[in-house]
Amino acid sequence: MNQSEALFAEAQKVMPGGVNSPVRAFQRVGGKPIFFKKGKGAYLYDEDDREFVDYVGSWGPMILGHAHPQVIASIKAAADNGLSFGAPTAIETELAKKICSILPSIEMIRMVNSGTEATMSAIRIARGFTGRDKIVKFEGCYHGHSDSLLVKAGSGALTLGEPDSLGVPSSFAEKTLTLEYNNPDQVREVFGKAGSEIAGIIVEPVAGNMSCIPPEAGFLECLREVCDEYGSVLIFDEVMTGFRVALGGAQGLFGIRPDLTTLGKVMGGGMPVGAFGGRRDIMQSVAPLGAVYQAGTLSGNPIAMTAGLETLKLIEAPGFFETITENTHGLMMSLQSLANSAGIPFTTNQVGGMFGFFFSSTERMTNFSQMMDSDTGAFVTFFNSMLEQGISLAPSPFESGFVSAAHGQTEFSKTEAAAKSAFDALQQGV
Ligand SMILES: *Cc1c(COP(=O)(O)O)cnc(C)c1O
């Protein structure tokens with residue numbers, strides 16, 4: 001038994017599945033999770049002292065790579081002044097101003113502790129502001145684990161949603177309509193019938209939780225139009241895409257201004273942080289100014305704010321996103337050509353520093369059902385071969401991958417060499 005296996009056995013005695021978040025348990029890829037003890041730049045080191053090129057990046061936040069010296073130095077200095085006061089600090093306003101300047105749709109913002117908290121609160125505000133209960137979301141998008149959002153589609157677009165987890169009351173799920181991603185006709189149809197009851201739409205403007213699926217031309221535009229027409233609140237869930245697909249997020253990249261935005265991941269630089277913000281008139285409905293309640297003992301925590309601010313300052317550097325976008329694109333091109341040479345049906349998606357790949361002969365992946373039709377068995381074989389060769393990909397075919405600024409030619413060459421042998425193994429049916 002190696003160290004990871006021993007630690008996993010111990011962990012399972014005291015934590016459900018041995019983990020604190022389900023996808024970490026490796027259930028989708030067989031095998032057992034690896035326990036890491038250290039990260040530096042593009043690399044992770046496990047408890048058995050093996051080195052991995054990391055494309056998970058803590059599921060998105062680590063855009064600068066692990067343990068960036070400036071981020072670490074800033075939080076060490078902040079920690080010397082105390083960890084939490086539960087009272088206002090200057091750094092909260094500093095980070096708030098920085099975010100408002102990078103994302104102009106955010107006129108006011110509230111800091112929270114996770115992406116889940118951000119989306120849950122944004123939904124409550126959309127409901128409080130409009131006085132309506134129904135919300136629209138899209139199949140394959142993930143918005144954290146709050147009750148209203150753990151809902152799957154019923155049998156038709158206009159039928160009631162169904163709980164996607166035990167413990168979610170069906171009376172909650174009934175208020176959530178789940179539509180097909182990249183299908184504007186269906187959005188128009190549903191708003192035509194029920195628009196005046198819909199508080200808002202929540203969408204991942206680039207879907208990152210069904211691997212990576214970009215919006216088709218006209219989709220986000222349609223969401224903006226129907227929200228304007230029916231007085232519903234358009235919420236861009238940019239927990240993953242914010243400061244990841246471009247400095248200005250997906251809203252900057254595609255030029256659509258949402259009413260509310262939710263953030264997390266990169267904005268905390270690896271600390272537990274989230275935020276929601278947007279139109280001033282909507283945000284003024286949040287307590288203590290307004291009657292929509294929302295609070296948090298550790299919200300705006302000075303260490304977390306410091307890690308976030310330092311990260312944003314570093315990724316604002318000119319050329320930062322051009323480089324990461326080019327590098328990620330280059331990596332996808334190499335994987336595609338290696339798969340083609342091996343005769344493996346394969347396709348990739350990429351936006352900025354975020355990518356997805358699919359074992360499928362569908363040329364363009366645009367929605368959840370296409371993604372579900374891809375060959376997940378081939379993914380599992382590929383994943384395990386890559387892992388054995390020291391390349392750490394997300395342990396599920398339904399997650400995005402991430403390239404950091406610390407990934408360079410050395411890491412891409414290692415990845416390509418490993419991928420070549422993984423594709424060859426697949427082709428030989430090993
Ligand atoms: C990760 C994620 C969330 C949830 O954030 P947590 O910090 O895990 O609660 C919400 N929305 C999107 C789009 C995400 O990718």
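Indexing begins at 1, ligand by ligand and atom by atom, following the structure's order.
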For the pair [X] and [Y], find out whether any cationic side-chain nitrogen is under 4.0 Å from an anionic carboxylate oxygen.
X	Y	result
K193	E189	yes
E316	K313	no
E107	R257	yes
D259	R224	yes

Query raised in the report: Can you say whether the rings of F379 and F383 are parallel (under 30°), tilted (30 to 60°) or perpendicular (over 60°)?
Result: parallel

Requested in this report: Could you label the plane-to-plane angle of the Y230 and F191 rings as parallel, tilted or perpendicular, counting under 30° as parallel and over 60° as perpendicular?
Outcome: tilted

Under 4.0 Å from any heavy atom of [X], which atoms of ligand 1 are there?
X	result
Y142	11 (N), 12 (C), 13 (C)
M240	15 (O)
S114	7 (O), 9 (O)

Query raised in the report: Is any N or O atom of E204, backbone or side chain, closer than 3.5 Å to an N or O atom of ligand 1?
Result: no

Could you identify the single nearest non-hydrogen protein atom to [atom] and state the distance to 0.1 Å?
atom	value
atom 3 (C) of ligand 1	V239 CG1, 3.7 Å
atom 4 (C) of ligand 1	T116 N, 3.7 Å
atom 5 (O) of ligand 1	G115 CA, 3.2 Å

Query raised in the report: Nearest protein heavy atom to atom 8 (O) of ligand 1: under 4.0 Å?
Result: no

Report summary line: Test side-chain hydrogen bond (donor to acceptor under 3.5 Å, both in side chains), reference Y43, set K38, E51, H407, E411, output is E411

Query raised in the report: What do the steps show when you test F219 against F138 for ring-ring contact (aromatic ring centres under 6.0 Å, His included), and what is the final call?
Result: CA-CA 12 Å; F219 178 58; F138 296 93; 5.2 Å; yes

Query raised in the report: Can you tell me if K265 has a non-hydrogen atom under 4.0 Å from ligand 1?
Result: yes

Requested in this report: Between T241 and ligand 1, find which residue part has any heavy-atom pair under 4.0 Å and reply side chain, backbone, both or neither.
Outcome: neither

Report summary line: Of T262, D237, L263, the one whose closest heavy atom lies nearest atom 11 (N) of ligand 1 is D237

